[in-house]
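Right, one structure below, let's go through it.
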Amino acid sequence: MAAERQITLIGAGLAGALLARLLALRGWQVEVYEKRGDPRIAGYQGGRSINLALAERGRHPLRLADADEAVMAQAVMMRGRMVHPLHGEVNLQRYGRDDSEVIWSVHRGELNITLLDLAEQAGARLYFNRRLDHVDFERRIARFVDDRDQRSFDVPFRALIGSDGAGSTLRGAIGKVLDLGERVDFLDHGYKELEIPPTPDGGFRMEPNALHIWPRGNYMCIALPNDEKTFTVTLFMPNLGGATVQNPGFDTIRTSQQARAFFERDFPDTLPLIPELERDWARNPASTLATLHLERWHLDRRALVIGDAAHAMVPFHGQGMNCAFEDCAALAAHLDAHADLADAFAAFEAERKPNARAIQQMALENYLEMRDRVDDADYRLQRELELHLQQRHPGVFVPHYAMVSFMRVPYSVALARSEIQHGILVRATRGKESLDQVDWTAVDADVAAHLTPLADVP
């Protein structure tokens, strides 16, 4: 029986660590192999955005793993988007109705370390400095290499699960024996990270309980708070700019001096907040953004990919981690429900693939909204109407953001209903300047004709 409940995970990032704990708590023998060093010893070396947005659908798997309390001790509440227009007043656009509907900023490195500790406490065995080099699926032997001294280790396995991110080595190994139908769509925009440090007395330099956005049409800055009183600032911008300064790109802003001039023109209120702008610009490279699509996620009962390894997405809905955590909970449930790993993997893929595709689409759409729409009068009127319809039709008209971030309805359901609701909002506000002009009888009839009550996942 023990041999039947053995799983080998590739990658000890967020999804790998959480899945390791979930399975270990269920009595599985779990081994986790990670190519980097132990971040609890060497320090976090993720090389990616240092803070993330945690939503309800991400917290639910943490509760299942008895990890929510430890994680939330590090989290900073974000009530909504604090919009910084180039001209005009800064304004807060709440995510939900009140402080019961918020999201949370969490530090990637601290979260990873917390989940690794909890996985180990549950009985998972963690091996660091073990890069997956080769997989013999016929003999079920995985070869790992320690890049510090090039030693290799042959490890027998029953099944491999790849939680090793967008550049998944296991996905590449599976792809050598099975066509996964892999396609990567690169966005023509990239990102660069900067930092707002604490004040001299150790406080936040601006409102901490919000996700700050500086929308500028074809590009934007955002800033998320960290529990050490810093903000991580991310500039999203085209990789290739135009011929004029009004169309900047990472290729047109090559030096720290050009970066300062750019920020002086387009983000002037950030300059007092980012004292090391030139240093950060020179030190932090611009990174690419892409969406990964796979037609197949598993190789019979021998291997499976989850999280970013199966469905990497752009970060504009803050759902990459939340979606990966949902993967962990769903996979654990399917492993409980199916004696045959092939059946469990197939059922997991069938459940999660349409939902991953839905949130990938919504993440791309949210980029346009964040960089260009949040400061438009028609968008603000539609958002105002959305909240009113939520009150007029409780449980029937549920705002898009609420479905994605405050509920656990499948992403595919949230996408389908959001498209219907957007049509209702557009029809009701077309040619209007305020809610006083809305034909409430017509809009109520529109809601009744197109929407049925929505039940959340228990």
Side-chain angles (χ1 to χ4, degrees), residues 78-98 101-103 189 206-207 209-223 234-238 242 244 246-248 263 265-270 316-318 361-393 397-406 414-415 417-447 450-451:
M78 297 188 292
R79 293 187 172 95
R81 298 167 174 169
M82 190 71 77
V83 180
H84 298 250
L86 185 55
H87 305 290
E89 293 295 320
V90 175
N91 61 92
L92 176 67
Q93 298 178 4
R94 271 192 175 270
Y95 290 132
R97 290 167 289 189
D98 53 40
E101 295 183 336
V102 298
I103 59 175
H189 289 224
M206 58 182 181
E207 169 58 47
N209 296 125
L211 187 156
H212 294 258
I213 303 181
W214 290 260
R216 297 297 182 264
N218 200 34
Y219 48 98
M220 69 175 183
C221 272
I222 67 170
T234 309
L235 170 65
F236 296 97
M237 191 166 61
T244 67
Q246 283 73 33
N247 297 286
F263 271 73
R265 189 194 77 200
D266 284 16
F267 307 105
D269 61 325
T270 68
F316 304 114
H317 220 311
Q361 177 181 331
M362 290 188 285
L364 286 165
E365 293 170 350
N366 212 44
Y367 185 30
L368 177 61
E369 176 177 308
M370 291 175 71
R371 79 185 194 216
D372 192 35
R373 295 275 292 136
V374 293
D375 202 30
D376 289 352
D378 64 333
Y379 172 85
R380 294 197 299 270
L381 180 59
Q382 289 172 18
R383 175 62 176 150
E384 190 179 357
L385 175 59
E386 188 178 42
L387 295 175
H388 273 72
L389 291 179
Q390 182 182 23
Q391 296 175 341
R392 290 174 73 91
H393 303 277
F397 195 105
V398 182
H400 165 81
Y401 201 88
M403 288 188 286
V404 172
S405 295
F406 311 140
L415 174 59
R417 290 182 71 100
S418 293
E419 291 173 342
I420 293 169
Q421 292 179 174
H422 179 68
I424 294 171
L425 296 173
V426 169
R427 290 190 292 273
T429 58
R430 186 176 289 122
K432 310 291 194 304
E433 295 181 355
S434 73
L435 291 187
D436 295 336
Q437 299 171 299
V438 168
D439 183 340
W440 293 104
T441 301
V443 74
D444 288 343
D446 209 2
V447 171
H450 292 96
L451 294 172

For a 4.5 angstrom cut-off between non-hydrogen side-chain atoms, does [X] reach [Y]?
X      : Y      : answer
Arg392 : Trp440 : yes
Gln382 : Leu385 : no
Asn209 : Val102 : no
Phe406 : Glu101 : yes
Leu86  : Pro268 : yes
Leu211 : Ile222 : yes
Tyr95  : Val404 : no
Pro399 : Arg383 : yes

What I want to check is whether the side chains of [X] and [Y] have a donor and an acceptor closer together than 3.5 Å.
X      : Y      : result
Trp214 : Asp266 : no
Glu365 : Gln361 : yes
Asn247 : Thr244 : yes

Interatomic spacing from [atom1] in [X] to [atom2] in [Y] - rounded to 0.5 Å:
X      : Y      : atom1 : atom2 : value
Leu381 : Asp376 : CG    : CG    : 12.0 Å
Arg81  : Ile103 : CZ    : CD1   : 8.5 Å
Leu451 : Ile424 : CG    : CD1   : 4.5 Å
His400 : His422 : NE2   : NE2   : 11.0 Å
Asp444 : Phe397 : CG    : CZ    : 11.0 Å
Asp378 : Glu433 : CG    : CD    : 11.5 Å

Pair Asn218-His189, side chain to side chain contact (heavy atoms under 4.5 Å, CB included): steps then yes or no = CA-CA 9 Å; Asn218 200 34; His189 289 224; 3.6 Å; yes

Check [X] against [Y] and note the closest heavy-atom contact, atom names and distance.
X      : Y      : result
Ala363 : His317 : CA-CB, 4.0 Å
Met403 : Ser418 : CE-OG, 3.4 Å
Met82  : Ala210 : CB-CB, 3.9 Å
Tyr367 : Met237 : OH-N, 3.9 Å
Leu235 : Phe263 : CD2-CE1, 4.3 Å
Met220 : Pro215 : CB-CA, 4.1 Å

Exceeds 12 heavy-atom contacts within 6.0 angstrom, atom CZ of Arg97 = no

Is [X] reaching over with its side chain to a backbone N or O of [Y], donor-acceptor style, under 3.5 angstrom?
X      : Y      : result
His450 : Asp446 : yes
Arg427 : Val443 : no
Gln391 : His388 : no
Gln421 : Val398 : yes

From CA spacing to verdict: side chain to side chain contact (heavy atoms under 4.5 Å, CB included), Arg216, Phe267 | CA-CA 9 Å; Arg216 297 297 182 264; Phe267 307 105; 3.5 Å; yes

Please lay out, stage by stage, how Tyr379 and Gln93 fare under the test side chain to side chain contact (heavy atoms under 4.5 Å, CB included).
-> CA-CA 11 Å; Tyr379 172 85; Gln93 298 178 4; 3.7 Å; yes

